[in-house]
Amino acid sequence: MQEDLVRKLTREQLNVEPIHITVLVGGQVGHVYRVDTTDKCYVIKLVDVWEEPPFSEEPRNDRVYGSRFSNLLPAYKLLQQNRIPVPILYASGTLAAEKLHYVIVEYLNGDVEDYSDSWFAVIGKELGTIHRINRSYQGWVGMGTPYSENWAEAFTKSLESQLLQVQPFMEKGLYDLTAKYLTEITPISNPQAFVLSHTDGFQGVLKRTGDEWRLVGVVDIEDYQFTDQRFVLSGFELSHSMENRVVPESFWKAYSYVNAIDSTYDESKDLFKIYYLLVWIRVLTEQPEPQSKCLTELLKIVRE
């Protein structure tokens with residue numbers, strides 16, 4: 001059992017005894033656990049090991065919306081250097097026999113989201129601040145040179161690949177509508193710069209004092225890369241749209257105050273949303289309810 005590994009890691013890497021272990025997140029490629037000890041709470045993340053190709057040979061789909069465990073330390077260091085709040089990283093490594101990577105960080109004690117204007121405003125400010133860290137080419141933090149294929153070309157070809165892969169998981173009518181829509185919509189352009197970001201938009205823990213919110217720290221740090229600002233803002237909007245929420249003006253005002261939004265965002269965001277949805281529909285095969293939400297959201301976009 002993975003909980004036995006979590007106990008072992010707690011004892012060996014932290015030299016403390018776990019009192020209670022709770023599953024925070026369980027997924028296809030890894031699990032996240034909260035570990036309570038006498039003095040502190042920790043988070044231990046276990047992720048399946050897979051071979052990481054050289055940057056120059058990385059598949060387009062992984063480049064656009066994938067993960068790379070070796071990105072953890074470079075991303076963590078870069079966030080620290082730019083004074084972005086992060087949890088204390090106690091240890092990371094690989095359990096070769098179990099074919100698992102592990103990360104041990106402090107547990108960030110936050111509050112449940114209330115989706116208020118002030119909550120959205122703090123996320124807008126913090127996300128915009130992180131996005132001010134940028135460079136001229138897309139990809140993982142540790143890359144020293146750009147990919148040979150530019151971002152717009154890679155994204156467009158990856159989108160075509162995602163459409164083909166999702167075909168078995170969609171009704172033919174929706175698939176055909178989506179394919180037709182993608183032939184008619186204007187392809188994306190290359191942005192002037194690529195922002196540091198989690199590729200899902202925002203992943204962090206917030207704390208509330210009265211009506212005011214503040215960022216305690218960002219999480220899932222290994223998934224931070226330099227990417228298209230429009231892509232991650234689209235993902236942020238999409239995640240709330242699927243829960244019948246509209247991202248309010250307070251978010252956009254706070255974001256824009258610290259970082260300008262690409263002028264082509266409104267005309268390109270549906271294309272980015274479709275990309276997310278095609279991936280999610282496929283990976284959520286064993287979760288009918290969220291997969292159904294993705295299908296409904298996709299239909300809304302392509303039949304407009």
Side-chain angles (χ1 to χ4, degrees), residues 60-61 63-66 84 115 117 119-139 146-147 149-160 162-163 178 181-204 215 218 223-280 294 297-304:
R60 288 191 191 97
N61 292 352
R63 163 190 175 176
V64 172
Y65 191 40
I84 305 301
Y115 306 111
D117 280 349
W119 181 85
F120 272 107
V122 168
I123 292 180
K125 175 192 171 187
E126 298 296 347
L127 189 60
T129 299
I130 298 170
H131 285 183
R132 290 180 65 179
I133 307 166
N134 63 70
R135 73 182 185 196
S136 61
Y137 57 96
Q138 181 263 336
Y147 292 107
E149 185 176 51
N150 73 48
W151 163 251
E153 292 173 351
F155 178 86
T156 300
K157 291 175 182 177
S158 180
L159 181 60
E160 294 170 357
Q162 299 294 359
L163 181 63
T178 305
Y181 185 92
L182 292 179
T183 64
E184 297 172 349
I185 195 170
T186 303
I188 68 161
S189 56
N190 285 302
Q192 291 185 343
F194 295 89
V195 301
L196 182 68
S197 184
H198 191 289
T199 45
D200 283 326
F202 177 79
Q203 294 291 319
L215 176 65
V218 299
D223 292 332
Y224 276 71
Q225 62 159 276
F226 288 94
T227 187
D228 193 321
Q229 176 203 55
R230 301 166 298 178
F231 186 35
V232 292
L233 288 178
S234 299
F236 183 76
E237 266 201 277
L238 176 62
S239 64
H240 289 284
S241 175
M242 289 177 60
E243 299 301 329
N244 299 312
R245 289 189 295 269
V246 175
V247 177
E249 182 61 25
S250 62
F251 170 87
W252 300 110
K253 184 177 180 180
Y255 184 100
S256 299
Y257 185 78
V258 293
N259 196 29
I261 297 174
D262 191 300
S263 61
T264 65
Y265 176 65
D266 285 338
E267 68 188 59
S268 61
K269 65 182 180 180
D270 281 348
L271 195 58
F272 290 115
K273 288 179 181 179
I274 289 172
Y275 188 99
Y276 281 112
L277 290 167
L278 295 180
V279 175
W280 296 347
C294 292
E297 199 70 27
L298 179 60
L299 181 60
K300 276 193 225 174
I301 295 173
V302 300
R303 73 177 178 188
E304 288 181 351

J.: Flag the pair Trp280 / Met242 as yes when at least one side-chain heavy-atom distance between them is below 4.5 Å, and no otherwise.
T.: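 Answer yes - side chains close enough.
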
J.: Answer yes or no: is there a donor N or O on one side and an acceptor on the other, between the side chain of Thr156 and the main chain of Glu153, under 3.5 Å?
T.: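 No; judged by distance alone, with no hydrogens or angles, the pair does not exist.
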
J.: Please tell me if the side chains of Phe155 and Gln138 come closer than 4.5 Å, counting only heavy atoms from C-beta onward.
T.: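 Side-chain contact under 4.5 Å: no.
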
J.: How long is the span from the OG1 atom in Thr264 to the CD1 atom in Ile261, to the nearest 0.5 Å?
T.: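 Atom-to-atom, Thr264:OG1 and Ile261:CD1 are 11.0 Å apart.
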
J.: Apply ring pair (Phe, Tyr, Trp, His ring centres under 6.0 Å) to the pair Phe202 and His198, showing each step before the final yes or no.
T.: CA-CA 6 Å; Phe202 177 79; His198 191 289; 9.3 Å; no

J.: Flag the pair Thr227 / Tyr65 as yes when at least one side-chain heavy-atom distance between them is below 4.5 Å, and no otherwise.
T.: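 Thr227 vs Tyr65: side chains apart.
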
J.: I'd like to know if the side chain of Tyr147 and the backbone of Ala154 have a donor-acceptor N/O pair within less than 3.5 Å.
T.: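 Judged by distance alone, no pair lies under 3.5 Å.
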
J.: Looking at CD1 of Ile301 and CG of Asp270, how far apart are the two atoms once the value is rounded to the nearest 0.5 Å?
T.: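 The distance works out to 5.0 Å.
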
J.: How far apart are the C-alpha atoms of Leu196 and Asn134, what are their side-chain angles, what is the distance that settles it, and do they pass the side-chain contact (heavy atoms from CB on, under 4.5 Å) test?
T.: CA-CA 6 Å; Leu196 182 68; Asn134 63 70; over 6 Å; no

J.: Taking the side chain as C-beta and beyond, is there a heavy-atom pair between Asn259 and Leu127 under 4.5 Å?
T.: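 They are not in contact (no side-chain heavy atoms under 4.5 Å apart), so the answer is no.
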
J.: Output the distance between atom CG (Leu298) and atom CG (Leu278), rounded to the nearest 0.5 Å.
T.: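 That separation rounds to 6.0 Å.
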
J.: Looking only at heavy atoms, what is the nearest atom pair of Pro191 and Asp262, with distance?
T.: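 Scanning both residues completely, I find the closest heavy atoms to be CB-OD2, 4.1 Å.
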
J.: State which residues pass side chain to side chain donor-acceptor pair (under 3.5 Å) with Tyr115; sequence neighbours excluded, sorted by chain then number.
T.: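 Side chain to side chain donor-acceptor pair (under 3.5 Å) list for Tyr115, sorted by chain: empty.
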
J.: Measuring from Ser197:OG to Gln203:CD, what's the distance to the nearest 0.5 Å?
T.: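 Nearest 0.5 Å value for the OG-CD distance: 9.5 Å.
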
J.: Is the number of heavy atoms from other residues, nucleotides or ligands within 6.0 Å of NZ (Lys269) greater than 12?
T.: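 Enclosed: over 12 neighbouring heavy atoms sit under 6.0 Å from NZ of Lys269.
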
J.: Counting heavy atoms not belonging to Gln192, are there more than 12 under 6.0 Å from its CD?
T.: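 No, because the 6.0 Å sphere around CD of Gln192 holds 12 heavy atoms or fewer from other groups.
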
J.: Measure the CD1-NZ distance between Ile123 and Lys125 for me, rounded to the nearest 0.5 Å.
T.: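 It is 13.0 Å, given to the nearest 0.5 Å.
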
J.: Below 4.5 Å, heavy atoms only, C-beta onward: do Ile84 and Val218 meet side chain to side chain?
T.: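 Side chain of Ile84 against side chain of Val218, heavy atoms only: contact under 4.5 Å found.
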
J.: Excluding sequence neighbours, so at least two apart, what forms side chain to side chain donor-acceptor pair (under 3.5 Å) with Gln229?
T.: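 Partners of Gln229 under the side chain to side chain donor-acceptor pair (under 3.5 Å) test: Tyr255.
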
J.: Holding to side chain to side chain contact (heavy atoms under 4.5 Å, CB included), I want the full list of residues that pass it with Asn61, two or more places apart in sequence or in another chain.
T.: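 If we apply the side chain to side chain contact (heavy atoms under 4.5 Å, CB included) test to Asn61, skipping adjacent residues, the hits are Ser158, Ser161, Gln162, Gln165, Tyr275.
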
J.: Return the minimal non-hydrogen interatomic distance between Ala254 and Ala121, and the atom names on each side.
T.: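 It is CB-O, 3.2 Å.
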
J.: Once rounded to the nearest 0.5 Å, what's the spacing between atom CH2 of Trp151 and atom CG of Asp228?
T.: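 With rounding to 0.5 Å, CH2 (Trp151) is 5.5 Å from CG (Asp228).
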
J.: CZ of Arg245: more than 12 outside heavy atoms within 6.0 angstrom?
T.: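 Enclosed: over 12 neighbouring heavy atoms sit under 6.0 Å from CZ of Arg245.
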
J.: Under 4.0 Å between a side-chain nitrogen and a carboxylate oxygen: does that hold for Glu297 and Lys273?
T.: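 No, this pair does not count.
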
J.: Take Glu149 and Arg63 through the side-chain contact (heavy atoms from CB on, under 4.5 Å) test and state the conclusion after the steps.
T.: CA-CA 11 Å; Glu149 185 176 51; Arg63 163 190 175 176; 4.0 Å; yes

J.: Yes or no on side-chain contact (heavy atoms from CB on, under 4.5 Å) for Arg230 and Leu233, after CA distance, side-chain angles and deciding distance?
T.: CA-CA 5 Å; Arg230 301 166 298 178; Leu233 288 178; 6.0 Å; no

J.: Please report the closest heavy-atom contact between Ile188 and Ser268, naming both atoms and the distance.
T.: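 That closest heavy-atom pairing would be CG2-CB, 4.4 Å.
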
J.: Start with the C-alpha distance between Phe120 and Trp252, add both sets of side-chain angles, then the distance that settles side-chain contact (heavy atoms from CB on, under 4.5 Å), and finish with yes or no.
T.: CA-CA 9 Å; Phe120 272 107; Trp252 300 110; over 6 Å; no

J.: Is Val232 close to Phe272 at the side-chain level, that is, under 4.5 Å between some pair of heavy atoms?
T.: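 They are not in side-chain contact.
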
J.: Any side-chain heavy-atom pair from Phe226 and Ser136 closer than 4.5 angstrom?
T.: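 The answer is no; the side chains never approach within 4.5 Å.
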
J.: Indicate the atoms forming the closest heavy-atom contact of Leu271 with Leu159, along with that distance.
T.: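 Nearest heavy atoms, Leu271 then Leu159: CD1-CD2, 3.6 Å.
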
